[in-house]
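As a basis for the values below, the full set of heavy atoms in this structure was taken, side chains included, without hydrogen atoms, waters or symmetry mates. Naming: A, B, ... by sequence-line order, numbering from 1 per chain.
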Amino acid sequence: DAKTTQPTSMDCAEGRAANLPCNHSTISGNEYVYWYRQIHSQGPQYIIHGLKNNETNEMASLIITEDRKSSTLILPHATLRDTAVYYCIVRVYGNKLVFGAGTILRVKS
Amino acid sequence: DGGITQSPKYLFRKEGQNVTLSCEQNLNHDAMYWYRQDPGQGLRLIYYSQIVNDFQKGDIAEGYSVSREKKESFPLTVTSAQKNPTAFYLCASSLDRGSNYGYTFGSGTRLTVV
């Protein structure tokens with residue numbers, strides 16, 4: 001599975017959109033992009049995933065560039081409860097999830 | 001409510017002792033996984049099981065053992081051979097080995113060697 005690169009940490013004002021970037025320049029055509037988040041001392045929570053098209057659900061939006069070498073997770077109206085570590089993961093269907101260090105998102109009032 | 005339950009939440013072990021962490025799910029998921037997390041780091045895969053009575057080593061299996069006698073249960077034993085067992089342990093399950101709709105995680109067990 002392709003490796004991903006994420007910033008170590010980001011800050012966001014409460015009520016504003018949080019845009020979390022992820023680079024996956026070696027992604028191959030059959031690899032999906034997944035996002036999970038982990039609130040302190042809890043298990044990770046699935047957020048969203050996509051292959052080529054942009055995706056949206058009740059939690060977030062996932063924007064994947066046309067060349068698929070990078071993506072952005074968007075939390076449209078961040079709240080204090082969105083403070084967490086966000087993991088961007090690329091994997092082929094059927095492979096295990098491999099978690100990197102992720103991005104620490106701090107939402108501030 | 002369906003979910004995945006890990007117990008205990010906190011566990012203390014003396015050096016040289018084996019200890020078993022429990023993981024139970026009622027989601028009817030076929031696949032189950034054990035991860036280890038050290039402070040400030042991501043999750044590392046210890047063992048995984050795709051069906052009953054079958055399991056495979058992950059990236060850091062040394063010093064650990066598992067069993068999968070029932071679909072619902074995937075206990076992890078931390079043996080005395082694991083040199084640095086203090087960590088946060090997370091169990092997860094998924095519908096099958098692919099499961100594009102992701103893994104469901106338990107709330108974790110924090111193991112401390114005293």
Legend entry - is_close_aromatic(B:Tyr103, A:Tyr46), centroid dist under 6.0 Å: no
Legend entry - Straight-line distance of B:Leu45 CG to A:Phe99 CZ, nearest 0.5 Å: 10.0 Å
Legend entry - Shared hydrophobic cluster for A:Ile74 and A:Tyr86 (ILVMFWY, side-chain gaps under 4.5 Å): no
Inset, instruction - Would you indicate whether the side-chain heavy atoms of A:Leu97 and B:Tyr33 approach each other to under 4.5 Å? - result: no
Legend entry - Within one Ile-Leu-Val-Met-Phe-Trp-Tyr cluster: A:Ile89 and A:Ile63, side-chain cutoff 4.5 Å: no
Inset, instruction - Spell out, yes or no, whether B:Tyr10 and B:Leu76 are grouped together once hydrophobic residues are joined by side-chain heavy atoms under 4.5 Å, including indirect joins. - result: no
Legend entry - Side-chain touch A:Gln38/B:Leu90, heavy atoms, less than 4.5 angstrom: yes
Legend entry - Structural part of B:Arg110 lying under 4.5 Å from a heavy atom of chain A: side chain
Legend entry - Which portion of B:Gln37 sits near chain A, non-hydrogen atoms under 4.5 angstrom: side chain
Inset, instruction - Decide whether B:Leu11 and B:Phe74 are clustered together by the hydrophobic rule: side chain heavy atoms of Ile, Leu, Val, Met, Phe, Trp, Tyr closer than 4.5 Å, transitively. - result: yes
Inset, instruction - Please check if A:Met59 and A:Leu105 belong to a single hydrophobic cluster, counting links between Ile, Leu, Val, Met, Phe, Trp and Tyr side chain heavy atoms closer than 4.5 Å. - result: yes
